[in-house]
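Here is the naming used below: chain letters follow the sequence lines, and residue numbers restart at 1 for every chain.
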Amino acid sequence: MGEDIQLMKGNEAIAEAAIRFGVDAYFGYPITPQSEIIEYLAYEDPYNKRTGMVVIQAESEIAAINMVYGAAACGKKAMTSSSSPGISLKQEAISYMVGAELPGLIVNVVRGGPGLGTIQPSQADYFQSVKGGGHGDYNMIVLAPSTVQEQYDHVGLGFELAFKYRNPVMILSDGAIGQMMEKVTLTPQLPRENKILDWATTGKTPDRERNYITSLYLDPEVQENHNIKLQAKFQRMKDTEVRYEEIMTDDAEYIIVAYGISARISQTVITMARKNGIKLGLLRPITLFPFPSKRLFELSDSLKGILCVEMSAGQMIEDVELAVRCKIPVYHYGRMGGGVTSSTEVFEKFVSLFLK
Amino acid sequence: MGEDIQLMKGNEAIAEAAIRFGVDAYFGYPITPQSEIIEYLAYEDPYNKRTGMVVIQAESEIAAINMVYGAAACGKKAMTSSSSPGISLKQEAISYMVGAELPGLIVNVVRGGPGLGTIQPSQADYFQSVKGGGHGDYNMIVLAPSTVQEQYDHVGLGFELAFKYRNPVMILSDGAIGQMMEKVTLTPQLPRENKILDWATTGKTPDRERNYITSLYLDPEVQENHNIKLQAKFQRMKDTEVRYEEIMTDDAEYIIVAYGISARISQTVITMARKNGIKLGLLRPITLFPFPSKRLFELSDSLKGILCVEMSAGQMIEDVELAVRCKIPVYHYGRMGGGVTSSTEVFEKFVSLFLK
Amino acid sequence: MNEDILIAGFGGQGVLSMGKILAYAGMMQGKEVCWMPSYGPEMRGGTANVTVIVGDNKINSPILQEFDTVIILNQQSLNKFEQSVKPGGKLFYDSNGLTTLPTRKDINIYHIPATKTSVELGNTKVFNIMVLGGLLKIVPIIDIQFIEKGLYKSLPERSHKLIPLNLEAFKQGEAIVEVIQEL
Amino acid sequence: MNEDILIAGFGGQGVLSMGKILAYAGMMQGKEVCWMPSYGPEMRGGTANVTVIVGDNKINSPILQEFDTVIILNQQSLNKFEQSVKPGGKLFYDSNGLTTLPTRKDINIYHIPATKTSVELGNTKVFNIMVLGGLLKIVPIIDIQFIEKGLYKSLPERSHKLIPLNLEAFKQGEAIVEVIQEL
Amino acid sequence: MAKARGFVEFNTEACKGCELCVKACPFDVLDMNHLVNGKGYHFSYMKNYDQCTGCASCAMVCPDVVITVYKVK
Amino acid sequence: MAKARGFVEFNTEACKGCELCVKACPFDVLDMNHLVNGKGYHFSYMKNYDQCTGCASCAMVCPDVVITVYKVK
Amino acid sequence: MSDIETYKKELLAQGAKKIFTKTKNLTDTPFSYCGGCGHGVVHRLIMEVVEELNITHDTIGIAPVGCTAIAYEFMNIDMQQAAHGRAPALATGIKRTMPDKYVFTYQGDGDLAAIGTGETIHACNRGENIAIFFVNNGIYGMTGGQMAPTTLPGMVSSTSPYGRNMDTHGYPLSLTELVAKLPGTYYVTRQSVHTPANVRKCKKAIQTAFENQKLNKGLSFVEIVSNCNSGWKMTPVESNKWMEENMFRSYPLGDIKLPQ
Amino acid sequence: MSDIETYKKELLAQGAKKIFTKTKNLTDTPFSYCGGCGHGVVHRLIMEVVEELNITHDTIGIAPVGCTAIAYEFMNIDMQQAAHGRAPALATGIKRTMPDKYVFTYQGDGDLAAIGTGETIHACNRGENIAIFFVNNGIYGMTGGQMAPTTLPGMVSSTSPYGRNMDTHGYPLSLTELVAKLPGTYYVTRQSVHTPANVRKCKKAIQTAFENQKLNKGLSFVEIVSNCNSGWKMTPVESNKWMEENMFRSYPLGDIKLPQ
Ligand SMILES: Cc1ncc(C[n+]2csc(CCOP(=O)(O)OP(=O)(O)O)c2C)c(N)n1
Ligand SMILES: Cc1ncc(C[n+]2csc(CCOP(=O)(O)OP(=O)(O)O)c2C)c(N)n1
Ligand code: SF4
Ligand code: SF4
Ligand code: SF4
Ligand code: SF4
Ligand code: SF4
Ligand code: SF4
Ligand SMILES: [Mg+2]
Ligand SMILES: [Mg+2]
């Protein structure tokens, strides 16, 4: 086999990836269904036993994300993870990180809300992640893994993109993917880099001006120029970072658009449909921001309709409708209780919406 | 004159309204550009001198909104106010309030972001307010005053709606409206009600079962039913609570869609356009959620195009595009720095986009 | 018609309260009014300015780029706002704060030597109202009786005893305003 | 083909680890595997269940409503999951936890008296693996050698000495499984 | 002083078999039953019932409020 | 011991006229000028310059680091 | 009739009276807590005191986020469920607008001493006229036994699998001693419920907390050191023993601040 | 040549040396603070110590939200601007990943003792090897003089216009005394900068804080009681007098916890 293949929980894959991709620091606070991430890291003790990666259980989610801010501002690869209520608490700091142009990785293993809700899986934090739950105009790249392997890979990808754009990146996972075990091909251990980045606060050496990291621009004009710069960056992300997967869309008359666990379920729906001679395909956005709008628009020419499957009351559907410029019927199907929908349910819904 | 007319800052109008509409409690934490709200209340000292209304400066925005939660769960009219970064910190609790079906009023006097940004006015918290900056599927009615009078009136309206639906309501104002002074017709002092509401935690009397206020539903099925109930409520809001103002839309070939301070500026643009023989009208959403989508769709039949004027990178424009089902061109114009755009700028932009 | 007015000077010169008195007085006279300040920490020691709109029509945008009337009380404000007077509009200044003078040829220009006069009177606190006196002499949008009412409304009770003194200063202002250039 | 398996019982019965051993063994045998647990505080004393999918094809949805094979280890699970066996599928149970027995006529039913046998052996810790032995006897999707490898992979080092004992129990399981109803 | 007398009753289905009452009884009255209740827990019972003084020590520590105490005054 | 001698220099444009240096000088050297600087503040100056000991007390309390101190050792 | 039934009958004939039974202030829903967990006893004591003081109709309780997030399922009074750590803010909102009601929070050590530190300190410092019942089990029970601020040096948890290391994890934090220094607290005490005698003392402390509230004295803070046998991975009996031997050394029982 | 110029020339001729001038660790940008505000002095002292210890190239500072949010405009070293109250969390993130750097936070009383209470307590409790410089002016300067947790009883602010009332506003809060109780703090002291002698003492304390960091001793916490003459609505001279007479009573100067 040669390859290093392990059976891992989605949450564990994130933790192991953090170590292997040479992440410098993890700061977190326990919350179901993602506490395995910090528990795995605590058990592996990478600080003492593997790479020197720092692992701290903070006093709160707010402290954790602000520790990420501090480390990120030194040019370090720093990350945090939480689940829905904890992510809501991080919104101010996420907005700060974008404003201060800091890289960093935030993992949200989504559970059912609103409020304390349920600890079962959900996808109802799409708007928060993609439209900006914090204040001000901002975006971050949102990665939506649908396998345990992707949970692993997206940690590497996430940091790559975070540093490429000096912007936080979010992995939007859910309780189902976080808790399930699948095979993961592990990549070789990368070293922590300890690079001195020219913008980072690593101590002002005599050869350069001081670096400072801030999101404060009291002068409206300066603030506006800063925002114009940020918007240009978000546009660059839209131009270059769209990622998605297509399954049987070539001849499709209908497609499902779904991400994460819903995409997994929808894959089975596609199989069912094809067995029944129905030309159904799947477009699975891997980046939720930037959204594969262009590809959807292209596809829409030859489609009769789209079903959005999300475990929410219908959030991504707005981006799908905008993508296809409302040219074809777009419907939503989803569940809102933390209970995950079944393929049969989705298939029946599809048939009743489009074929009856 | 008979009427009680005062010259007031937008922020002061909110504070005076709170007293006059018989609000039971205000909990807040200072932040520019809205600290006048708590300062006015502290100076008026309604607890000792007027209505017995409680006014507390909390240790943080998070504490403040959770004090609102506690008082609201007793059936009290409770409110808080802040500005963008402080509102981001309240997202978890807002999601909790929706989940627990608690009424309450949250005022956001928006400033420029992201991050610490600038204290100058902005409208870049539209997505956060309307799509849900917190976790889970939820909505709240978002009122967008564009005059100091409306700042005043919306406090009364906000509480009416909050209690009608047992859901938090947000007033989405901005630094310009908060800081400017205009005439306000004050309404007579209403008493604080001290009503015992049947769902509220006011002490379990022998004649009823205990009341408890929670957003926790560990069982996914129960959670789902709860969400279905909430969604039905949001739908009721959409069916009944849409509010907007139209100016010269009767014969309009183009309209501007703008709310709050941008609507004020746009009114002047309408005047300029009409002087130039251009049939431009204005639709001003007063509720941002629910959005006047139906009316926009109706209007779109006879329109050649829409300009969205927002002090942001373009957020409300998504709701406008969805409302008109992408049938006609919709463009955005706005500023992102806290500096407020001028009518001339908007007019020129309009002409260059649609008439050249 | 509405009169769009800008007052600009040092924070400490009472720019914002000058605007408030105007707005209150306008309101007492039954007019539409709007007062829109600059705000924030830049004001600390820096320049402050306020827009006041007084008139008979509903007030649309409170954010203006051009003004019918601009009152300039320091050099920075002159540099920043001389160009904001509408062609044919009016610019008032107090030369005390200035090292250069307005140069536009397409506007009316007036001088109100209020600093000097108030120092001579030994009461620099009435500087504000003296400027308003000068302004309203030329732009008679508000009657003095409403200025009086406005003062009663806008000042705290304990300052009411100073109102007669202020009205004196107002009249003084009317007296000292000089035409520099009229179109 | 993929085999969709559900194991359901009390949290304390090691339901989740049974699933893990299966999944590990499947992986060692080069198969596609997926393990999806129920989780959360309901498991405290309550029912736990786990879905395990083992097979040769890429695994799509890990959330299943119907299963090829269901293993039932207490009464609640029987009530809840008897209907989840696909028609023609297989249901295994240990009668020890049950007050009623499965009644469906359209499925294959097997009994693994693992509790009783393990108590008799004086080692209730091998209950788990005994059940697996019974299961794999009937549904031979995984070879015993890979079960052994799976155990080495999934158990912590300090427990490796127990593996031979476990393999014994596995064989015992193969021996005790009884056919109750075969279609 | 004559020893007080009493007895206790169990809401057996609520018992979680934690044994805290057994340890708390000063008179060694209680023990865990070898039988299990509906939830699968061994439950507490009065092994030496006639030693019970009705002191309620067992009830004091029982986290699940399983025990009702009777006493002869 | 003969009194030490010194003098101070001001970055006058940076002075905000707070008068803290005036109060801090043990030898009554400093006072506020009746003139104002570019920002409109009265600024500190050496009124009794020849009393200066170069003790730097003024510089210690000056919040705006306006003062440079010279001293004869 | 069995011997024991005969015995009971005999005693009843001798006038045996029911001297202890479940208070009506607890619902019929069985606690969902692990067997042997101290939360059940504390729930019972609070509800008994509320019953005995005859303030059931005037008491509003606040459940935290933690194992006892669903305390409202068990306590038969009006209750609110708070976001993690925010119970003292809720209590402030309630008490200020309903000053005649008795208000208490029920909080774990993660809730009160980690994420809720700010709310705890400031409610105490404002001297809110409420009671805080703080169940310190040295761990995050609900989420599966992670380290808490109160976890002891060397203690194993799922996020300190090699024992709490003071160099990297910090020191066990006792907010109780800290809030006792604040003028806003009136009564601060540390109790336990692992023996009948301690249970009785703890009940007295809970009663004092409510009585103080009646007298408008400021904040009463009652810490109860308790076990989390699941999180500690011990039997209930072992866990109580471990608690006596270890927890009480860092968190000594007794009154910390008494009304003057 | 004026008399004074002659005088200077004479002294220079006698060998007068520049004994004090602005440190290179301050930028040329003039402070934007109000005249007489203590922030300027504290800025200078920190930058002087950093220069004198020759750690300019190894020091990372954190600006809070408050009047000094833009401290990075003035301090000529690498700096980060933190969200309100979160500076100790940033400092933790920095120090843990860059253990060889000197890390300090600069925080006001609103920042550190109100919204940042949790972060302050926990960074102290973890014994983060950093320095916290805490400028306590009893008020929220930046936002226009609202009441802070540290505002004195009876003190007027824009949100306590009739004076701080302990019944409703709570008591002045001194986190400094509280964190001194935590084992994670190594050095806790309270200073001021209103007289030359106090300035010199304060500088010594700041220096000690950095030296402790070098020795890896845990957290050093230096409170500096200062004026906010704008917020207090006094002249700078009056405000310093008022501070001596009032603030120091509640916040007495001196060392609170010394290295053992
Ligand atoms: C904002 C937020 N963060 C984290 C959690 C997850 N969480 C639930 S309970 C808990 C800790 C509970 O520990 P403790 O307060 O000690 O209570 P116990 O269960 O031990 O009684 C945590 C971290 C949450 N629900 N919300
Ligand atoms: C989350 C958030 N809340 C509130 C504010 C507004 N704010 C800015 S500074 C400040 C208080 C500053 O007071 P202090 O920390 O004492 O510093 P000082 O200005 O007195 O030096 C506040 C409340 C903010 N920027 N962010
Ligand atoms: S009442 Fe007392 S003597 Fe009787 S069983 Fe309980 S503890 Fe034992
Ligand atoms: S203490 Fe209660 S729950 Fe525990 S064994 Fe005794 S009766 Fe059962
Ligand atoms: S150096 Fe000393 S003596 Fe000279 S002016 Fe300054 S304080 Fe006065
Ligand atoms: S202390 Fe400094 S700023 Fe203040 S008056 Fe003296 S020189 Fe000027
Ligand atoms: S997990 Fe711990 S605290 Fe929670 S119920 Fe179980 S024993 Fe009690
Ligand atoms: S407002 Fe107060 S703290 Fe801020 S700079 Fe001015 S005097 Fe200093
Ligand atoms: Mg705990
Ligand atoms: Mg302060």
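Distance alone, capped at 3.5 Å, places no donor-acceptor pair between the G:Arg96 side chain and the B:Ala25 backbone. Between the side chain of G:Gln80 and the backbone N or O of B:Gly70 there is at least one donor-acceptor pair closer than 3.5 Å. When atom types are taken as modelled, the side chain of B:Tyr69 and the backbone of G:Gln81 share a donor-acceptor pair closer than 3.5 angstrom.
At a 4.5 Å heavy-atom cutoff, G:Val103 makes no contact with chain B through either its backbone or its side chain. Heavy-atom distances place both the backbone and the side chain of B:Thr202 under 4.5 Å from chain G. Using a 4.5 Å cut-off between heavy atoms, B:Phe27 contacts chain G through its side chain alone, with no backbone atom that close. Both the backbone and the side chain of G:Thr97 come within contact range of chain B, each with at least one heavy atom under 4.5 Å from a heavy atom of that chain. Proximity to chain B (any heavy atom under 4.5 Å) is shown, for G:Ala91, by neither the backbone nor the side chain. Looking at B:Ala72, there are no atoms closer than 4.5 Å to chain G (heavy atoms on both sides), in backbone or side chain. With a 4.5 Å cut-off on non-hydrogen atoms, B:Ala63 touches chain G through its backbone and its side chain both. Neither the backbone nor the side chain of B:Ile65 has a heavy atom closer than 4.5 Å to any heavy atom of chain G. For a residue to count as touching a neighbouring chain, one of its non-hydrogen atoms must lie under 4.5 Å from one of that chain's; by this rule B:Ala93 does not touch chain G.
Atom NZ of G:Lys101 sits about 9.0 Å away from atom SG of B:Cys74, to the nearest 0.5 Å. The structure places OG1 of B:Thr205 at 9.5 Å from CG of G:Asp58, a figure rounded to the nearest 0.5 Å. Atoms NE2 and CG, from G:His84 and B:Asn66 in turn, are 12.5 Å apart once rounded to the nearest 0.5 Å. Separation of atoms CD (B:Glu59) and OG1 (G:Thr92) is listed at 7.0 Å; rounding is to 0.5 Å. Going from atom OH of B:Tyr96 over to atom CG of G:Leu90 covers 10.5 Å, rounded to the nearest 0.5 Å.
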Should G:Arg86 and B:Met67 be marked as a side chain to side chain contact (heavy atoms under 4.5 Å, CB included) after you check the CA-CA gap, both sets of side-chain angles, and the distance that decides it? CA-CA 9 Å; G:Arg86 316 306 175 194; B:Met67 290 175 187; over 6 Å; no

Can you check side chain to side chain contact (heavy atoms under 4.5 Å, CB included) on B:Lys204 and G:Asn76, steps first, answer last? CA-CA 8 Å; B:Lys204 180 201 167 302; G:Asn76 197 9; 3.7 Å; yes

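For B:Gln189, the CD atom sits in a packed shell: over 12 heavy atoms of surrounding residues, nucleotides or ligands are nearer than 6.0 Å. For G:Lys214, the NZ atom counts as loosely surrounded, since its 6.0 Å shell holds 12 or fewer non-hydrogen atoms of other residues, nucleotides or ligands. Under a cut-off of 6.0 angstrom, the local environment of OH in B:Tyr47 is sparse, with at most 12 non-hydrogen atoms contributed by other residues, nucleotides or ligands. G:Lys257 NZ: more than 12 foreign heavy atoms inside a 6.0 Å radius.
Chain G forms the most heavy-atom pairs under 4.5 Å with one residue out of B:Pro206, B:Ala100, B:Ser215, B:Ala78, and that residue is B:Pro206.
Under a 4.0 Å N-O distance rule, the pair G:Asp78/B:Arg208 qualifies as a salt bridge.
Considering every non-hydrogen atom in both G:Tyr72 and B:Thr214, the closest pair reads OH-OG1, 2.9 Å. The heavy-atom pair separating B:Ala71 from G:Gly93 by the smallest distance is CB-O, 3.5 Å.
Applying side chain to side chain contact (heavy atoms under 4.5 Å, CB included) to G:Ile60 and the options B:Asn211, B:Thr201, B:Ile213 leaves one that passes, B:Thr201.
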